[in-house]
Every structure is written in C-alpha cells, then in structure tokens.
Student: 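Sharing a structure with you now.
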Amino acid sequence: MMGKVIFSLLLALPLVTLGTSSDKKCVLSGSWRNELGSNMTISAVNAEGGFSGSYLTAVTATNKRILVSPLKGSQNHKSQRKQPTFGFTVSWTFSNSVTVFVGQCFMDDNGEEILKTMWLLRQEVRSPGADWKATRVGTNVFTRIKRQNVDESVRSDGPQ
Ligand code: BTN
C-alpha cells in the first residue's frame, strides 16, 4: 500500500513542477537592461495598467551629456495575461526628442522574463521640409536586472 502511494506521488511530481513553471507571469515592474546597455526601472503597475519609471540610455543621437529621463506607460489587461503587451514613452530630459516603445513581456524557454520591443525616436526638426529625416525606428530586447519585491508592489498598489 505504502509503495503504491509513493509510486503515485513520484508520477505526479513532474506534473506539479510543469504546472508551476508554465503558470509564471511576466511582470513589468523592476529593473531592465537592453542589448545597447541602456537601463530602465519600471514602478509597480497600477490597477488600470498604468506605470511610470526612469530610463538611462547608453547611447544618444545628440552630442549632449546623457541624463536619466522619465518614462510613462501602460500595460494591457493588467493581471489577466501571462505575457502582456505594453507601451511607454520616454521624454528625454537632455534632448528635444521623445521615444515611444511598444512590446510584449515574454517568459522565454529558460523561464526568464524578456521584453521584446520596437521603438520610434522622434527628433525635433526646424521645418516640415525636414520631417522626412526626423524619425528613427528600431528594436530592443530587455532582460531583467532586478525584480521589485512583493512588499514594495503591495505598498504602491494599495490605497494611499
Ligand atoms: C536622444 O538621443 O535624443 C535621446 C536618446 C535616445 C536613445 C535611443 S531610444 C531607442 C534606443 N534604445 C535605447 O536604449 N537608446 C536608444
């Protein structure tokens, strides 16, 4: 009898493990780095899906000194999706440009979170005639540096 119980438990173990790993949600909050070496930190995502944060780019299209810049964004269907879509805007403090990012938060094959994004960088130009050269486009992939701890996210989600 005891042998049967142990045998059944051994059979069930891989199912339990599989269940927990595929249930893991990709969470935007925390610190991320992309392949250029840029870093960003995203605050807790609020009940409406809104979030804010900061972005330190590793590169610039200008000759200005790089400074940390604020970002604001929103996640679609907060807490219902395991791999949610999102968008955010960075309003650069050290240039007259803005960048909009859109992307999706994925769980990769190793169970690690990655953000696959596309961006448009809009530069200020002198006149409509220069509009053709005002927008750059590209992609960035972000991996997690640090996860925001649960206490912090409960505090910033909860009533103030
Ligand atoms: C500017 O040069 O006017 C502002 C900085 C732009 C940095 C861009 S945004 C898209 C790409 N991804 C990054 O992490 N940095 C560059």
Side-chain angles (χ1 to χ4, degrees), residues 20-158 160:
T20 50
S21 63
S22 64
D23 282 349
K24 269 172 76 180
K25 274 189 187 147
C26 190
V27 173
L28 285 179
S29 311
S31 297
W32 302 87
R33 177 170 299 137
N34 71 20
E35 72 279 21
L36 296 170
S38 301
N39 292 322
M40 70 169 171
T41 299
I42 295 181
S43 66
V45 180
N46 70 25
E48 289 78 46
F51 59 83
S52 56
S54 58
Y55 201 108
L56 182 61
T57 181
V59 295
T60 175
T62 68
N63 50 14
K64 304 273 173 55
R65 193 164 67 89
I66 292 171
L67 297 171
V68 176
S69 299
L71 71 81
K72 267 197 184 311
S74 85
Q75 175 186 319
N76 188 254
H77 292 143
K78 146 90 168 140
S79 77
Q80 291 162 38
R81 314 301 309 163
K82 282 180 199 157
Q83 301 195 119
T85 55
F86 62 87
F88 63 86
T89 302
V90 186
S91 185
W92 303 104
T93 52
F94 62 92
S95 79
N96 297 322
S97 305
V98 289
T99 302
V100 289
F101 288 81
V102 288
Q104 188 169 352
C105 191
F106 287 105
M107 299 305 304
D108 75 7
D109 296 342
N110 305 317
E112 302 292 333
E113 294 159 304
I114 49 164
L115 308 180
K116 293 271 201 178
T117 68
M118 274 201 87
W119 52 261
L120 292 173
L121 168 61
R122 174 69 195 207
Q123 198 184 330
E124 185 185 282
V125 287
R126 278 176 181 277
S127 63
D131 186 61
W132 65 270
K133 61 175 179 183
T135 308
R136 292 174 165 84
V137 62
T139 59
N140 281 145
V141 179
F142 294 82
T143 53
R144 187 177 284 287
I145 306 171
K146 182 181 137 211
R147 178 104 180 225
Q148 192 189 38
N149 81 41
V150 177
D151 288 349
E152 274 176 59
S153 65
V154 167
R155 239 180 282 138
S156 40
D157 254 357
Q160 303 298 307

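First listed ligand is number 1; within each ligand, the first listed atom is number 1.
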Student: Parallel under 30°, tilted from 30 to 60°, perpendicular over 60°: which one fits the rings of Phe88 and Tyr55?
Tutor: tilted

Student: Need the ligand 1 atom indices (1-based, order shown) with element for anything under 4.0 Å from a heavy-atom of Ser95.
Tutor: 1 (C), 3 (O), 4 (C)

Student: Would you say Pro70 and Ser52 make side-chain contact, with heavy atoms under 4.5 Å?
Tutor: no

Student: With heavy atoms of Phe94 as the reference, note each atom of ligand 1 found under 4.0 Å away.
Tutor: 4 (C), 5 (C)

Student: Just need the protein heavy atom nearest to atom 9 (S) of ligand 1, so name the residue and atom and give the distance.
Tutor: Thr99 OG1, 3.4 Å

Student: Quick one, Val45 and Phe86 - any side-chain contact, counting heavy atoms below 4.5 Å?
Tutor: no

Student: Do side-chain atoms of Gln104 reach the backbone of Gln83 as a donor and acceptor pair under 3.5 angstrom?
Tutor: yes

Student: Kindly identify the option in Leu121, Thr57, Val90 whose heavy atom sits closest to atom 7 (C) of ligand 1.
Tutor: Thr57

Student: With atoms numbered from 1 as shown, which atoms in ligand 1 lie under 4.0 angstrom from a non-hydrogen atom of Ser38?
Tutor: 13 (C), 14 (O), 15 (N)

Student: Return the residue, atom name and 0.1 Å-rounded distance of the protein heavy atom closest to atom 12 (N) of ligand 1.
Tutor: Asn140 OD1, 2.8 Å

Student: Show the nearest heavy-atom pair for residues Val27 and Glu113, with the distance to one decimal.
Tutor: N-OE2, 2.8 Å

Student: Return the residue, atom name and 0.1 Å-rounded distance of the protein heavy atom closest to atom 16 (C) of ligand 1.
Tutor: Val59 CG2, 3.8 Å

Student: Which pair of non-hydrogen atoms, one from Val141 and one from Lys116, has the smallest distance, and what is that distance?
Tutor: CG2-CD, 4.0 Å

Student: For Ser97, counting its heavy atoms only, list the atoms of ligand 1 lying under 4.0 Å from any of them.
Tutor: 3 (O)

Student: Tyr55 heavy atoms, cut-off 4.0 Å: which ligand 1 atoms fall inside?
Tutor: 12 (N), 13 (C), 14 (O)

Student: Are Val90 and Trp119 close enough that some pair of their side-chain heavy atoms sits under 4.5 Å apart?
Tutor: no

Student: With heavy atoms under 4.0 Å as the rule, classify the contact between Thr60 and ligand 1 as side chain, backbone, both or neither.
Tutor: both

